[in-house]
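Working notes for the structure below.
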Number of protein chains: 2
Amino acid sequence: MATYEYPRPALTVDCVVFGLDDEGLKVLLIRRGLAPFKGRWALPGGFVRVEETLDEAALRELREETGLKKIFLEQLYTFSAVKRDPRERVISVAYYALIKLSDHRVQAATDADDAAWFRLDAVPELAFDHAEILEVARDRLKGKVRYQPIGFELLPEKFKLSQLQELYEQILGRELDKRNFRKKFLSFGIIQELEEREQGLPGRPARLHRFDAKAYRKLLEQGFHFEL
Amino acid sequence: MATYEYPRPALTVDCVVFGLDDEGLKVLLIRRGLAPFKGRWALPGGFVRVEETLDEAALRELREETGLKKIFLEQLYTFSAVKRDPRERVISVAYYALIKLSDHRVQAATDADDAAWFRLDAVPELAFDHAEILEVARDRLKGKVRYQPIGFELLPEKFKLSQLQELYEQILGRELDKRNFRKKFLSFGIIQELEEREQGLPGRPARLHRFDAKAYRKLLEQGFHFEL
DNA sequence: ATATATTTGTGTTGGTTTGACACGCTAAGG
DNA sequence: CCTTAGCGTGTCAAACCAACACAAATATAT
């Protein structure tokens with residue numbers, strides 16, 4: 001029990017978790033077991049504890065939901081409409097996360113039937129103001145991906161350039177020219193060409209690449225500006 | 001008095017208020033009258049009431065501090081370090097505001113001696129984590145000014161192109177070429193050339209201009225993308 | 001074995017945008 | 001009337017961007 005001189009809003013974090021698989025870009029949702037909005041899909045999230053930062057709260061929730069550590073996570077926006085939670089005043093700090101669906105299978109999330117991945121064009125009706133939060137997250141991702149190399153957070157360690165291009169097309173919502181895309185991206189010097197090639201698929205085998213974080217940091221220090 | 005099952009952090013808003021005068025870009029600070037950090041300069045701000053949104057809280061604080069309405073105001077980031085307030089757990093949602101120092105004299109703020117404008121290169125030591133908040137605000141402004149025409153919020157209704165250019169130079173922290181700047185900015189078609197000219201100063205009188213919000217909105221709908 | 005389907009990888013060109021750069025014009029002030 | 005201060009303007013070379021098609025390497029089907 002805690003007592004204060006003035007009433008305080010409750011504080012939660014909600015996470016928009018993006019993942020990529022062969023069907024495209026997806027978002028992780030959880031089915032609510034309790035009122036309000038019982039049975040509705042919602043963003044994973046929960047209350048902030050008084051002894052943790054918001055980042056810690058978001059990471060904790062994500063660990064609890066997905067079993068993952070080392071996730072790319074950024075604060076998105078703080079939502080504060082007075083009636084956004086019908087029970088009482090709840091202010092929510094939204095985060096968005098990018099995870100490599102390819103590497104780690106997301107555990108609790110996928111085999112429990114109360115959590116699932118949804119394609120961004122097939123998201124069901126959401127609880128609270130979560131549709132709005134998701135919208136803001138998509139816009140942020142779309143904006144950010146153009147001037148920060150965060151797309152790699154969604155791809156496996158080693159990837160084909162065609163995967164990278166498809167990812168960008170998904171996020172930006174438009175098609176890109178293959179030759180121009182390759183030319184431009186390679187010219188940055190932030191991805192390494194590996195000798196390895198992907199085999200077992202029809203078509204000419206693709207050379208694999210890897211994001212070179214070290215080279216990127218070095219370029220950043222020299223005032224390099226990544227763009228598109 | 002309010003009682004809750006679990007302890008809750010307190011919630012505040014803090015505002016980074018930018019203004020422009022003939023000495024350059026400035027930020028509004030308030031001298032604290034109470035502990036902690038008594039006597040130190042700090043960002044204006046205060047506690048969020050339980051029946052208002054964060055935007056409303058920020059606007060209310062700004063009205064109380066500066067007497068201004070119709071201010072450009074945007075949420076910046078939510079700061080949550082556990083020890084950021086030595087008294088108790090306080091989470092602060094930071095906003096930044098741009099105001100036309102030229103038009104409206106800021107009342108309570110300027111004649112009270114417990115509030116003052118500081119040049120960005122001469123900001124005193126600040127209370128709490130406000131130095132960090134200010135830093136984030138500067139970065140945001142610097143980033144945002146390049147792809148959204150928010151600089152006008154700092155200028156008078158009618159302005160000279162040289163003022164606009166100086167503003168951009170201040171925010172971006174580098175010099176710009178006069179001819180290229182004019183060419184580019186005028187090519188967007190979002191500022192109107194007025195017939196009026198500024199008089200009374202030495203040198204050839206400058207033609208005045210005005211931001212054309214209507215034209216800007218129209219261009220936006222057509223997918224226009226402002227940049228630099 | 002051969003043919004077919006699939007996916008990768010590669011260059012050029014014309015148009016557009018950017019960045020560098022210098023001087024005459026018009027007013028105020030002495 | 002002369003000086004000083006600030007405004008307003010155009011060109012050119014270099015860099016960048018968008019559009020465009022076909023051969024190479026593999027898997028699969030027949």
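Just so we're on the same page: letters track the sequence lines, and every chain starts at 1. Basis for what follows: all heavy atoms, side chains included, without hydrogens, waters or symmetry-related copies.
- For the pair Asp177(B) CG and dG19(C) P, the interatomic distance rounds to 9 Å; values are reported in whole Å.
- Using the six-membered ring where Trp is involved, Phe211(B) and Phe152(B) have ring planes that are parallel, under 30° apart on the 30 and 60° scheme.
- Rounded to an integer number of Å, the gap from Glu193(A) CD to dG9(C) P is 8 Å.
- Straight-line distance from the CD atom of Glu198(B) to the P atom of dA28(C): 12 Å, rounded to whole Å.
- Taking the six-membered ring for Trp and thresholds of 30 and 60 degrees, Phe128(A) and His130(A) have ring planes inclined between 30 and 60 degrees apart.
- At whole-Å resolution of the value, CZ in Arg182(B) and P in dT17(C) are 21 Å apart.
- In this structure, the CD atom of Gln199(B) is 15 Å from the C1' atom of dC25(C), given to the nearest Å.
- Glu196(A) pairs in a salt bridge (charged side-chain N to carboxylate O under 4.0 Å, His left out) with only one of the listed residues (Arg210(A), Lys160(A), Arg207(A), Lys158(A)), which is Lys158(A).
- The base of dT11(D) sits with one of its N or O atoms less than 3.5 Å from a complementary donor or acceptor on the side chain of Lys183(B).
- Per the geometry, CZ belonging to Phe188(B) stands 12 Å off C1' belonging to dT17(C), to the nearest Å.
- Counting to the nearest Å, the C1' atom of dG9(C) and the CG atom of Leu208(A) are 14 Å from each other.
- At least one side-chain nitrogen or oxygen of Lys184(A) sits closer than 4.0 Å to the OP1 or OP2 atom of dC17(D).
- When heavy atoms are screened at a 4.0 angstrom cut-off, Leu201(B) is found touching the sugar-phosphate backbone but no base atom.
- Protein atom NZ of Lys178(A) is 11 Å distant from nucleotide atom P of dT7(C), rounded to whole Å.
- A 4.5 Å side-chain heavy-atom check between Lys144(B) and Tyr96(B) finds at least one atom pair inside the cut-off.
- The base of dA27(C) has none of its N or O atoms less than 3.5 Å from a complementary donor or acceptor on the side chain of Arg197(B).
- The phosphate of dG10(D) (OP1 or OP2) has no side-chain N or O of Arg179(B) nearer than 4.0 angstrom.
- In this model, no side-chain donor or acceptor of Arg204(B) finds a partner on the base of dA28(C) within 3.5 Å.
- Side-chain contact between Leu98(A) and Ile71(A): absent, with no pair of heavy atoms (C-beta onward) separated by less than 4.5 Å.
- If Asn180(A) and Gly203(A) are placed on DNA chain D by their nearest nucleotide, the residue sitting closer to the 5' end is Asn180(A).
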